[in-house]
Amino acid sequence: MSENELEARRTRLTELRERGVDPYPARVGPFVPVEDIHAEYGEKTEEELEAAAPPAAAVGRVRAVRSFGKLVFVGIEQDGVALQLSARKTEVPEDLFAAIKGLDVGDFVRAEGTLWRTKRGELTLSVASLDMLSKSLRPLPEKWHGLQDVEARFRQRYLDLLSNPEARRIAIARSRIVSACRSYLDRDGFLEVETPALQPLYGGAAARPFVTHHNVLDQQLYLRISDELYLKRLVIGGLDRVYEIAHNFRNEGVSRKHNPEFTLLEAYQAYGDYRDMMALAQGLIREVAESVHGGLVFESQGHTLDLSGEWREVSMRDAIREETGIDVLEARDLESLRNAAKQAGVEPGSAPTWGVMVDDLFSEHVEPGLIQPTFVTQHPTELSPLAKRSSEDPRVVERFELYLAGMELANAFSELNDPLDQRGRMEDQQALEAAGDEEAQPLDEDFLRALEHGMPPTGGIGIGIDRLVRVLLDTPSIREVILFPHLRSEAGT
RNA sequence: GGGCCGCUAGCUCAAUGGCAGAGCAGAGGGCUUUUAACCCUUUGGUUCUGGGUUCGAAUCCCAGGCGGCCCA
């Protein structure tokens, strides 16, 4: 009889039920994690195990069935750790032997028996009883090559995790990196908080939002592009050190550097400024890198990155001037900046405003070359509507962006706490929006009211977690570090 | 948004205008130390979709879908 695999597995499922076996039982009998079994018996010799015949019970997913005539080996895996099961036809009841031979790759089982070591030296559980824990109806990807199809890896990440060790390694490492960030901030007296993802008005970053609608309130809502304005409200409310690790949503392109939904760590420290945030960024990123690499020098994106020593600091003005010869603070409007670019032999592009053009010049000519950790400081005020002006030069703000491996990893400033200046900046943003800047920030009366009540001098920082993970784990695309990256819908679904 | 590349069995891949194939997985058989087990037999196809060219299309052309890379 010829059957396809799905049918064959469904048939075996039916047979289990006919024999009175629940293929999806509610409870699991006692067991010891496979990892612990190896820890306890991994060093025992063949003879020691034979003498003691230690009893053990394990659970896991069937990854291989190797059947001989009167002997069968089954490889199971629990949470990434493998254990071999065995059964001899001459030593176990007939129905148990049949049940073991009838296992499919992908089934979950619990096995009880005694441990022994094979001629090849593998610790093996000789099965005396077997419970089906969950019957699998679909085959896993091919055991040797794993799942190669990139689209399938993202759409069915569970298969990627099961068959590609690298996917599992990245998922676990990402989780540990986020834990390390939390641990650093918690130790430094920061309080982890949660603020709304659904916001009546978006703000805190230059980006276009996703728009949604609340039916009962008949209210337009935005998915947050940042949690900045809410975290500042908390500082105003007397929570001096707060942070949030949040998903933000920005309605823009999808690429190997961008996912529309991404993770940002934002932290705010009352009575601090952007210099304190520099120290925080350096301390946190160094500690996290140590936890991943055991040191501060590592390979990433084809470069050897060195996080030790003093990190370079350069003003945005100097950085652009070094690469292009253009002094953006000497060309204060769009027209003269375009002329300055032409004079310098630089394509002026089609930016709608002066600020956007400065940003474009930086992104194109400076950013890709910032490989080693670099603080870029003193951004033009027009580009930074939420940052405090520099006391030395009101044309620029107290701000830095941290670059590593050609990517922006963090953005921080001395937060603007002058409510009148803040109102003026938001009004300027309205003018920029009118001039065609689609990422200009809206005027937020509710936030301004909060500021008018008084906010202490505050330093704030945002760190892109996906990018940090990508740099530390050296993956070519942000999609490798996001478990379920955004994809178009499959045809027909 | 543009350019280039890809999409073939559940998975990994062949077939460069002339019979759609292999390995793994599945089914049947054999096998008491395997671990990518092995040996024999064998099932399985909307070749992404829809048009077109041709005696004949997985292959060439057009449109679309999804993905990748590069660019914007």
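Because the structure is a prediction, the values reported are computed rather than measured.
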Side-chain N or O of [X] closer than 4.0 Å to phosphate OP1/OP2 of [N]:
{"X": "A:K143", "N": "B:A25", "answer": "yes"}
{"X": "A:R12", "N": "B:A27", "answer": "yes"}
{"X": "A:R88", "N": "B:U32", "answer": "no"}
{"X": "A:R120", "N": "B:U35", "answer": "yes"}

Under the side-chain contact (heavy atoms from CB on, under 4.5 Å) test, residues paired with A:E112 that sit two or more places apart: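 With sequence neighbours excluded, A:E112 shows a side-chain contact (heavy atoms from CB on, under 4.5 Å) to A:A57, A:R110, A:S129, given in chain and number order.
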Closest to side chain of A:T118, choosing from B:G10, B:U35, B:C13: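 Ranking B:G10, B:U35, B:C13 by closest atom to the A:T118 side chain puts B:U35 first.
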Options B:G26, B:C13, B:U34, nucleotide nearest the side-chain atoms of A:F73: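 Nucleotide nearest to A:F73's side chain: B:U34.
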Distance in angstrom units between A:Y158 OH and B:G10 C1', rounded: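 Taking OH of A:Y158 and C1' of B:G10, I get 12 Å after rounding.
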All N/O pairs under 3.5 Å across the protein-nucleotides 69-72 of chain B interface:
from, atom 1, to, atom 2, distance (Å)
B:C70, OP2, A:R256, NH1, 3.4

Report the residues that fulfil salt bridge (charged side-chain N to carboxylate O under 4.0 Å, His left out) with [X], sequence neighbours left out, ordered by chain and then residue number.
{"X": "A:E313", "result": "A:R275"}
{"X": "A:R153", "result": "A:D160, A:E480"}
{"X": "A:R10", "result": "none"}
{"X": "A:D474", "result": "none"}

Under-3.5 Å donor-acceptor pair between A:E122 side chain and B:U34 base: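 Between B:U34 and A:E122, which were checked side chain against base, a qualifying N/O pair under 3.5 Å is absent.
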